[in-house]
Amino acid sequence: MKDQVRVRFAPSPTGGLHIGGVRTILFNYLFAKQNNGKFILRIEDTDQSRFVEGAEDYIFSCLEWCGIKADESPRDGGEYGPYRQSERKSIYREYAEKLVEAGYAYYAFDTSEDLESKRQVTENFRYDYNSRQTLRNSLTIPHEAAESLVKGGAPHVIRIKMPKDENISFTDMIRGDITFHSSEVDDKVLLKADGMPTYHLAVVVDDYLMKITHAFRGEEWLPSAPVHLLLWKYFGWEKEMPQWAHMPLILRPDGHGKLSKRDGEKFGFPVYPINWYDKNSNFKSDGFKETGFIPEGFINMLAMLGWNDGTDQELFSMEQLIEHFSLDRIHKGGAKFDYEKAKWYNGEWIKQLDLSALLQPVKAIMNYHGIHNFEDEYLAKVIDMVKERCQLLSEFHHQGAFFFNAPEKYDTNSVVPKWSEEKKAFFMAFADKLQSANLTESAAIEAKFKELVTEHKLKIGDVMLPFRIMLVGDKFGPAVFDIAATIGTEETKNRIYKALEVFHLHHTNS
RNA sequence: GGCCCGUUCGUCUAGGGGUUAGGACGUUAGAUUUUCAUUCUAGAAACAGGGGUUCGAUUCCCCUACGGGCUACCA
């Protein structure tokens, strides 16, 4: 009987969480849910110097917006806590010492400055099986001396002692067999001088203690995998080692490197799920949410960046993703981010989502633009009329504003050059008839409109566009008679009169 | 530089020893919508190169090229 599936995502609160991380979260989550397993969120805050206030809150907010809930986390608790590594500090030293006792690790007394100057002098300097013989550590100085240095509180780190000549292999769930040679890997620091573990130690100890069964992370971790593999072996936990899966990276649209936080501004699209602001560095970046994405579209887009189910289906809900997801269908190569396609996914979801899911966010957008005082029912009608022409939630304002307020500006160029007294007379007659006949249905308004067109010996094509400009201000929007019916005859009449003045003004001026 | 990973239309990708190399985004043309968008139809558009293996390679192997990642007391 296989143990219960337990996966984890372990961000460090050093900044916002960008979409690469969110995709790793998503794949973790899908895999966990599919296998009735647990998804754990662990905060890797072992680098105190890079801690950014608000980053942890931000991570939780992103999760919430995405509709992903951790089963265990600093917020949700769980039986394997604490889930913040800073709160687990005391655990790591003990494990590191065990390694030293067993001869798999050693104390090193070189300061960062010492090593820095080494790097200046020796090109490609590495703390490894070779150079460690010449450096200050418990392998080069007498045992007792090293012991007393450590006991006396001398600053030191604990480093893994990489074997000189050993092949280290493992099978990655996405990439297959991968082999490294131990001589190519340096003696990574396991425990830092401040007593905090590095990622290398912490990830192994915590994955073990938290009974993680499958470990997903970005491809950038591949080169340090041999360190982790060896650690699992040295601790004697090989049988409990999780299966590894190294995800392909999300690349910049131009292919030059992995997508990073600054690229949002550079290429003009969001890279963070929701707005991120780092007050330390005064760094600010717009989120997908605020740009107008809905969670369904965002999640769908992310999932398809590097994964597909082998069919032509491209639109997946979270439930469908959980059902269809499989690791062996994750592409190996990195994926360049394509914002146009991202918007397309969102547009598809806007089209097929229930009104109930759209109402509140669109309402917020309208309010943001100063449009208040309307019934939900009215907004619902508007949403229904314009949603097929919106890929982003934010577009609802442009596409729907004229349902609430008369246009301020008119595309007079489309109307004025061909304007005439006959047309003006027609519209005045039409406005009057609208009210007296009490027309409320789109079809009835259209019928009356056409009837009057004939009476005035005009062509319908001559007055359709002007009518649209009168109501909308521009050449876009749903069927013009539907708009008239929606805003009502009174308002339609008012807009006709208002526009008539504007058209007249421009006409006489030109 | 060293090591590791990768490479199918511009982009995301399907496929896999014999296919007209499929889909989607974007793009082009047309139809519909007396606007715009939607929708529909059609089109252009790809197996990085060279060697093998094979009757036959885009597919398997090797090399090269290109791209990416890592190379911290950061994750």
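Here is how names work: the chains are called A, B, and so on, in the same order as the sequence lines, proteins then strands, and each is numbered from 1. Below, all heavy atoms of this structure are taken into account, side chains as well, without hydrogens, waters or symmetry copies.
For U64(B) and A44(B), the P atoms lie 38 Å apart once the distance is rounded to whole Å. Taking atom C1' on both nucleotides, C55(B) is separated from U41(B) by 42 Å, rounded to a whole Å. When the P atom is compared between C60(B) and C3(B), the two are found 25 Å apart, to the nearest whole Å. Here the separation of A14(B) from G52(B), taken at their C1' atoms, is 28 Å to the nearest Å. For the C1' atoms, the distance from C70(B) to A37(B) is 47 Å, rounded to whole Å. Comparing U53(B) with U71(B), their P atoms sit 42 Å apart, to the nearest whole Å. Going from the C1' atom of G51(B) to that of U28(B) covers 40 Å, rounded to whole Å. The P atoms of A57(B) and A21(B) are separated by 16 Å, rounded to the nearest whole Å.
Residues satisfying the side-chain contact (heavy atoms from CB on, under 4.5 Å) test with Ala193(A), not counting sequence neighbours, are Val157(A).
In this structure A65(B) sits in a base pair with U7(B), meeting the Watson-Crick or G-U test at under 3.5 Å. Summarising the base pairing, U33(B) is matched to no nucleotide, lacking a Watson-Crick or G-U wobble pair whose two defining distances lie under 3.5 Å.
Here Ala108(A) lies out of heavy-atom contact (under 4.0 Å) with every strand. Using a 4.0 Å heavy-atom distance criterion, Gly333(A) is classed as a sugar-phosphate-only contact. If you check every strand for non-hydrogen atoms under 4.0 Å, Ser112(A) touches a base. Residue-level contact check: Glu340(A) touches the backbone only, with heavy atoms under 4.0 Å from sugar-phosphate atoms and none from bases. Here Gly255(A) lies in heavy-atom contact (under 4.0 Å) with sugar-phosphate atoms only. Across all strands shown, Met304(A) has heavy atoms under 4.0 Å from sugar-phosphate atoms exclusively, and none from any base. Contacts of Asp110(A) with the nucleic acid, taken as non-hydrogen atoms under 4.0 Å apart, include base atoms. Among the heavy atoms of the strands lying under 4.0 Å from Asn308(A) are primed sugar atoms or P, OP1, OP2 only; no base atom is included. Residue-level contact check: Thr311(A) touches neither bases nor backbone, having no heavy atom under 4.0 Å from any strand. Contact annotation for Ala335(A): backbone-only contact, meaning every heavy-atom pair under 4.0 Å involves sugar-phosphate atoms and none involves a base. The residue His256(A) sits close only to the backbone: its heavy atoms come under 4.0 Å of sugar-phosphate atoms, none of a base. If you check every strand for non-hydrogen atoms under 4.0 Å, Phe180(A) touches sugar and phosphate atoms only. Within 4.0 Å (heavy atoms only), His181(A) reaches no atom of the nucleic acid at all. Residue contacts for Arg217(A): at a heavy-atom cut-off of 4.0 Å it reaches no nucleic acid atom on any strand shown.
Note that CD of Glu446(A) is 4.5 Å distant from CZ of Phe481(A), once rounded to the nearest 0.5 Å. Atoms CE and CG, from Met304(A) and Asn308(A) in turn, are 5.5 Å apart once rounded to the nearest 0.5 Å.
Listed nucleotides: G1(B), A24(B), C70(B). Nearest to the side chain of Lys341(A): A24(B). Checking U11(B), G69(B), C12(B) against every side-chain atom of Pro223(A), the shortest atom distance belongs to G69(B). Checked against U7(B), C73(B), A75(B), the side chain of His331(A) finds its nearest nucleotide in U7(B). Across G69(B), A75(B), C73(B), the shortest atom-to-atom separation from the side chain of Lys258(A) is found for G69(B). For Lys336(A), whose side chain is taken as the heavy atoms from C-beta onward, the closest listed nucleotide among G69(B), G68(B), U11(B) is U11(B). With distances taken from any side-chain atom of Ile178(A) to the nucleotides C4(B), A75(B), A14(B), the minimum falls on C4(B). Distance from the side chain of Val157(A) is smallest for C73(B) among the nucleotides G15(B), U38(B), C73(B). For Glu220(A), the listed nucleotide lying nearest its side chain is G69(B); candidates were C74(B), C12(B), G69(B). Side-chain proximity of Arg159(A) to U39(B), C73(B), G1(B): nearest is C73(B).
In this structure, CG of Asp128(A) is placed 14 Å from P of C3(B), rounded to the nearest angstrom. When rounded to the nearest whole Å, the span between CE of Met247(A) and P of A75(B) equals 21 Å. Put simply, CG on Leu201(A) is 12 Å from P on C74(B), counting in whole angstrom units.
For the pair Arg126(A) and U71(B), the criterion of a side-chain N or O lying under 4.0 Å from OP1 or OP2 is not met. Close to C74(B), at under 4.0 Å from its OP1 or OP2, lies a side-chain N or O of Lys192(A).
Of the possible donor and acceptor atoms, one in the side chain of His18(A) sits under 3.5 Å from a partner among the backbone N and O of Leu259(A).
No donor-acceptor contact under 3.5 angstrom links the side chains of Asn167(A) and Thr179(A), judged on distance only. A donor-acceptor contact closer than 3.5 angstrom links the side chains of His181(A) and Asp165(A).
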For this session: Under the side chain to side chain contact (heavy atoms under 4.5 Å, CB included) rule, what do Phe9(A) and Ile59(A) come out as? Steps first, then yes or no, please.
Result: CA-CA 11 Å; Phe9(A) 182 72; Ile59(A) 291 163; 5.8 Å; no

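The pair Lys233(A)-Glu166(A) counts as a salt bridge, with a side-chain nitrogen and a carboxylate oxygen less than 4.0 angstrom apart.
A donor N or O paired with an acceptor N or O is not found under 3.5 Å between the base of C5(B) and the side-chain atoms of Arg175(A).
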